[in-house]
Amino acid sequence: MSTYSSFKLEVENYIAHLSFNRPEKANSLTKESWAEMKDAFESFSLREDVRVVVLSGEGKHFCAGIDLGYLMEVGQLTQTNCEGRKREKLFHHILYLQDTVSAIARCTKPVLAAIHRGCIGGALDIISACDMRYASEDAYIVLKEIDMGMVADLGTLQRLPKLIPDGVAREMAFTGRKMPAQEALQRGLVNSVSADKAAMMDEVMGIAAQIAAKSPLSVRGTKEMMNYSRDHSVEEGLRYMASWNAAMLMSNDIQTAMQAQMSKQNPVFQD
């Protein structure tokens, strides 16, 4: 168990299960929450006992996004009698929050988001940075910033159009409407929809267990290649793939996998 104040962390059988843990505040994200989330995902990349990450929420909702009190606190951070310095401070603070979300995308281990009930505002930034998303039947997803007189600035506008049709992403951004779980499934935003949270968690933890049983070097390489290829041309992706495998292909994991297949046993890979 971790000592995080805003999260609950359990690591077992190479699966890190990180849960938003402010249920009395709908898991809204405070200053401490952002710092802890960044620390957690950066540490997952380095931990040999973690091969896959599951992100969920305690209580009634997955996550209600940024805490409104923290928004007001951000305004106080930029207090100065120089308008230029005030804007510079705000600019760098936004970059910090963006980098916190990007730490999820940069995490070398696959990240599975398990969404129940509300996934609102900044929570959509977060799940957009995950590798896969799963939902319960009662889940709904809202790009809420437009109703607050804001432009979403932590990654949703950049990542969401790569996950769902551009027009649908724009509709969500311009209207702030709720996208229910079944529509999210239809649009390809989530991989599947389960009857309730318990059933969803069973499915997600089962998929996480499958990933954790694979070669950790291969899983990390696969994520690296898929992320790179998403943002580059096919030719660039192929050349990067060739360079990667020229460096990484001859690993002990290949021998372990081949021996396991020949003996018809499950492979056991080193950390």
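Worth knowing before you read on, the calculation uses all heavy atoms, side chains too, and leaves out hydrogens, waters and symmetry mates.
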Legend entry - Verdict with supporting geometry, Ile94 and Gln98, side chain to side chain contact (heavy atoms under 4.5 Å, CB included): CA-CA 6 Å; Ile94 293 171; Gln98 290 176 344; 3.8 Å; yes
Inset, instruction - To the nearest 0.5 Å, tell me how far Leu9 CG sits from Thr3 OG1. - result: 9.5 Å
Legend entry - Verdict with reasoning, Met150 to Ile146, per side chain to side chain contact (heavy atoms under 4.5 Å, CB included): CA-CA 5 Å; Met150 298 172 57; Ile146 196 70; over 6 Å; no
Legend entry - Nearest-0.5 Å distance that lies between atom CZ in Arg159 and atom CD1 in Ile127: 12.0 Å
Inset, instruction - Could you grab the distance from atom CD of Glu42 to atom CG of Asp39, nearest 0.5 Å is fine? - result: 7.0 Å
Legend entry - Verdict with reasoning, Glu235 to Ser233, per side-chain hydrogen bond (donor to acceptor under 3.5 Å, both in side chains): CA-CA 5 Å; Glu235 182 62 26; Ser233 69; over 6 Å; no
Inset, instruction - Applying side chain to side chain contact (heavy atoms under 4.5 Å, CB included), run through Val151 and Glu145 and close with a yes or a no. - result: CA-CA 6 Å; Val151 178; Glu145 284 82 351; over 6 Å; no
Inset, instruction - Can you see which heavy atom on Pro161 is nearest to which on Asp166, and at what distance? - result: CB-OD1, 3.7 Å
Inset, instruction - Answer yes or no: are there more than 12 heavy-atom neighbours, outside Lys38 itself, under 6.0 Å from its atom NZ? - result: yes
Inset, instruction - With the side chain counted from C-beta on, respond yes when Ser194 and Glu137 share a heavy-atom pair under 4.5 Å apart, and no when they do not. - result: no
Legend entry - Ion pair check, Asp131 and Lys223, cut-off under 4.0 Å: yes
Legend entry - Expected output: side-chain Asp125 to main-chain Gly155 donor-acceptor under 3.5 Å: yes
Inset, instruction - Check whether any side-chain heavy atom of Arg22 lies under 4.5 Å from a side-chain heavy atom of Ser28, and answer yes or no. - result: yes
Legend entry - pair Val190-Tyr134: side-chain heavy atoms closer than 4.5 Å: no
Legend entry - Lys89 side, atom NZ; His92 side, atom NE2 - distance, nearest 0.5 Å: 11.0 Å
Inset, instruction - Indicate yes or no for a side-chain donor-acceptor contact from Asn27 to the backbone of His61 under 3.5 Å, with no hydrogens or angles considered. - result: yes
Inset, instruction - Under the salt bridge (charged side-chain N to carboxylate O under 4.0 Å, His left out) rule, what do Asp231 and Lys162 come out as? Steps first, then yes or no, please. - result: CA-CA 10 Å; Asp231 300 328; Lys162 296 183 178 181; 2.9 Å; yes
Inset, instruction - Verify the neighbour count for atom CZ of Arg106: are there more than 12 heavy atoms of other residues, nucleotides or ligands below 6.0 Å? - result: yes
Legend entry - Joint cluster assignment, Phe62 & Val101, ILVMFWY side-chain distance < 4.5 Å: yes
Inset, instruction - For the pair Leu112 and Cys130, evaluate side chain to side chain contact (heavy atoms under 4.5 Å, CB included) and give the outcome as yes or no after the intermediate values. - result: CA-CA 6 Å; Leu112 288 64; Cys130 295; over 6 Å; no
Inset, instruction - Please determine if Glu83 and Arg87 form a salt bridge, counting it only when a charged side-chain N lies under 4.0 Å from a carboxylate O. - result: yes
Legend entry - Ile164 with Tyr140, same ILVMFWY side-chain cluster at under 4.5 Å: no
Inset, instruction - With the side chain counted from C-beta on, respond yes when Val11 and Ile15 share a heavy-atom pair under 4.5 Å apart, and no when they do not. - result: no
Inset, instruction - Kindly work out whether a path of hydrophobic side-chain contacts (I/L/V/M/F/W/Y, heavy atoms less than 4.5 Å apart) joins Leu124 to Ile126. - result: yes
Legend entry - Main-chain N/O of Met200 paired to Ser136 side chain as donor or acceptor, under 3.5 Å: no
Inset, instruction - Looking only at non-hydrogen atoms, find the nearest pair between Ala103 and Phe41 and report the distance. - result: O-CB, 3.8 Å
Inset, instruction - Side-chain contact test, heavy atoms from C-beta onward, threshold under 4.5 Å: evaluate it for Leu143 versus Ile120 and give yes or no. - result: no
Legend entry - Taking every non-hydrogen atom, the tightest pair across Val50 and Lys109: O-NZ, 2.6 Å
Inset, instruction - Mind listing the closest non-hydrogen atom pair of Ile104 and Ala129 along with its distance? - result: CG2-O, 3.7 Å
Inset, instruction - Examine distances only and state if a side-chain atom of His93 and a backbone atom of Glu88 form a donor-acceptor pair shorter than 3.5 Å. - result: no
Inset, instruction - Kindly give the heavy-atom pair with the smallest separation between Tyr4 and Ser43, and that separation in Å. - result: OH-OG, 4.4 Å
Inset, instruction - Determine whether Leu18 and Leu97 fall in the same hydrophobic cluster, where Ile, Leu, Val, Met, Phe, Trp and Tyr are linked whenever their side-chain heavy atoms lie under 4.5 Å apart. - result: yes
Inset, instruction - Evaluate the side-chain proximity of Met132 to Ile211: yes if any heavy-atom separation is below 4.5 Å, no if none is. - result: yes
Inset, instruction - May I ask you to decide if Ser6's main-chain N or O and Glu36's side chain share a donor-acceptor pair within less than 3.5 Å? - result: yes
Inset, instruction - Just say parallel, tilted or perpendicular for the rings of His232 and Tyr228, cut-offs at 30° and 60°. - result: parallel
Inset, instruction - Mark yes or no for whether Lys31, through its side chain, and Tyr70, through its backbone, hold a donor-acceptor pair below 3.5 Å. - result: no
Inset, instruction - Check the hydrophobic clustering (I, L, V, M, F, W, Y; side-chain heavy atoms under 4.5 Å; chains of links allowed) and say if Val142 and Ile115 are grouped together. - result: no
Legend entry - Min side-chain heavy-atom separation Val168-Leu189 under 4.5 Å: no
Legend entry - Minimal non-hydrogen separation, Asn191 against Leu185, with atom names: O-CD1, 3.5 Å
Inset, instruction - Inspect the surroundings of CD in Glu12 and state if more than 12 heavy atoms from other residues, nucleotides or ligands are less than 6.0 Å away. - result: no
Legend entry - Any donor-acceptor N/O pair, Lys197 side chain to Gly57 backbone, under 3.5 Å: yes
Inset, instruction - Measure from the side-chain N and O atoms of Asp196 to the backbone N and O of Ala198, and report whether any donor-acceptor pair falls under 3.5 Å. - result: yes
Legend entry - Gap between atom CZ of Arg220 and atom OG of Ser215 - 0.5 Å precision: 7.5 Å
Inset, instruction - To the nearest 0.5 Å, tell me how far His116 NE2 sits from Ser56 OG. - result: 8.0 Å
Legend entry - Side-chain donor or acceptor of Ser218 paired with backbone N/O of Lys214 under 3.5 Å: no
Inset, instruction - Report, as yes or no, whether the 6.0 Å neighbourhood of atom CE on Met226 holds more than 12 heavy atoms from other residues, nucleotides or ligands. - result: no
Legend entry - Min side-chain heavy-atom separation Met225-Thr222 under 4.5 Å: no
Inset, instruction - Determine yes or no for a side-chain-to-main-chain donor-acceptor pair under 3.5 angstrom, with Ser102 supplying the side chain and Ala105 the backbone. - result: no
Legend entry - Among Arg177, Lys178, Arg133, Met172, the one residue meeting side chain to side chain contact (heavy atoms under 4.5 Å, CB included) with Ile141: Met172
